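Hydrogens, waters and symmetry mates are skipped; everything else that's a heavy atom, side chains included, is used. Counting convention: from 1, in listed order, for ligands and their atoms alike. Given the structure is predicted, the values throughout are model-derived calculations rather than measurements.
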Amino acid sequence: MLSGRRILLIISGGIAAYKSLDLIRRLREQGAAVRCVLTESATQFVTPLSVAALSEHKVYQDLFSLTDEAEMGHIRLSREADLVVVAPASANLIAKMACGLADDLASTALLATDKPVLIAPAMNVFMWNHPATQGNVAALAARGVHRVGPGAGELACGEVGEGRMADVPEIMAAIGRLIGVLPPEAKPLAGRRAIVTSGPTHEPIDPVRFIANRSSGKQGHAVAAALHRLGAEVTLVSGPVTLPPPEGVEIVPVETAAQMLEACLAALPADIAVCAAAVADWRVSNPGAQKHKKTEGGGPPTIALTPNPDILATLSQPGELRPALVVGFAAETELLLQHASAKLARKGCDWIVANDVSPASGTFGGDQNAVHLLTPDTVEAWPRMGKELVAERLAERIAAHFAKPHPTTSEVPA
Ligand code: C5P
């Protein structure tokens, strides 16, 4: 999509610089030529060697390097690009841009360029909210500098709030729009309805106790948000979680598996169903109407269990209301692919996102996920990445699935 396009990527110092390595990879995958400039502090977070290896080109760092200037001066560097992307854009570099300072290669190239500039700010929430930064960002916006993010969430410094660098797919989409290869707001899932399940279920034992699991809902909520960003109308049926509901998504809070199934069926018809919830397999057959009490000399109560309905399998059943694409998740602690492909067949869904949730993987409750995408005839191993990125990629794959022309009756082989 970006074949023949030239991007000058300026990486400034910030923990989010690691995401820029993935950005380079995605830009290269799409055929863009990428030249990279690192500020001095950026080299504390990513090495020039890894940036050079991924961009398949020399990395530029010094304003006063005789070899750099002879080969490619800072003026040419800044002009021979279709777009200049600053990711991460630190508070310091944003301030220098706003003031027109030019005391290193990055700031000089930014002052010398005559090309559109896109910044992806990344910093601590207080630094972002500081009137100085906000004033600088407003000054840049008034000068026509484009911006993507920052988003809100848990920051690398441990604080929570706005300041997270936009995720790579968001930056890629912004680049696509600025370069003109994507329409101003690409919404490939506009007009599609999606149901997403997320979080754990709570199955009551008595009015104060319940059976639950460690699901945080992060992955399911991120999928709902990503589908919404691509234009889908999303109903998120969520078990009890502490996450805020994603913007623009209809949320149906539930507690038990039975309620989750009922809410999903009520949300039909839909084009897409993504079952990311960790639904309890069993519920208590006869939950106590009152709190179970310890009795003198009495033993513990016996809890009988009944199987819960399988929401994914129910939504996958053939019929008029079956969503055109049903995606399940398989959380496994061993024999990941074996169990996941068996699950694909057993549940009757179209795709399975398989993830390793063994305690060593840190997936449950964590921010990272390493998944495989299984379809009836393919298995793709995705690199370890943030749950938001997994969600973005999955949403992109879903959009691509719906964009593909489906065979008409006459094209279906006899
Ligand atoms: O059978 P297992 O729980 O491993 O299957 C996981 C997949 O099935 C997930 O997509 C999960 O959301 C879904 N599921 C469901 N209803 C259940 C159990 C699992 O929708 N009762």
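In this structure, H202 and F210 have parallel ring planes: the angle between them is below the 30° cut-off, well short of the 60° mark.
Side-chain contact, T113 with S78: no donor N or O sits under 3.5 Å from an acceptor N or O.
Residues H228 and L230 are not in side-chain contact: their nearest non-hydrogen atoms beyond the backbone lie 4.5 Å or more apart.
Polar contact with ligand 1: present for I311 (N/O pair, distance under 3.5 Å). Here's the thing with V279: none of its N/O atoms is less than 3.5 angstrom from an N/O atom of ligand 1. Backbone and side-chain nitrogen or oxygen atoms of K343 are examined, and one is located within less than 3.5 angstrom of a nitrogen or oxygen of ligand 1. At least one N/O-N/O distance between K347 and ligand 1 falls below 3.5 Å. Polar contact check, L312 against ligand 1: a nitrogen or oxygen pair lies under 3.5 Å apart. The N/O atoms of C275, backbone and side chain alike, include one that comes under 3.5 Å of an N/O atom in ligand 1.
Looking from atom 7 (C) of ligand 1 to the surrounding protein, the closest heavy atom is F329 O, 2.9 Å. Here the heavy atom of the protein found nearest to atom 3 (O) of ligand 1 is D281 OD1, 3.9 Å.
Contact atoms of ligand 1 toward G328: 10 (O) (distance under 4.0 Å to a heavy atom of the residue).
Heavy atoms of other residues, nucleotides or ligands lying less than 6.0 angstrom from CD of Q338 number 12 at most. For E40, the CD atom is loosely surrounded, since the number of other residues' heavy atoms within 6.0 Å does not exceed 12.
Judged by distance alone, with hydrogens and angles left aside, the side-chain atoms of R322 form a donor-acceptor pair with the main-chain N or O of S316 at under 3.5 Å. Between the side chain of K218 and the backbone N or O of K387, no donor-acceptor pair lies under 3.5 Å.
Taking the charged nitrogens against the carboxylate oxygens, K115 and D82 have no contact shorter than 4.0 Å, which rules out a salt bridge.
A heavy-atom separation below 4.0 Å is found between A277 and ligand 1. Using 4.0 Å as the threshold, P309 has a heavy atom nearer than that to some atom of ligand 1.
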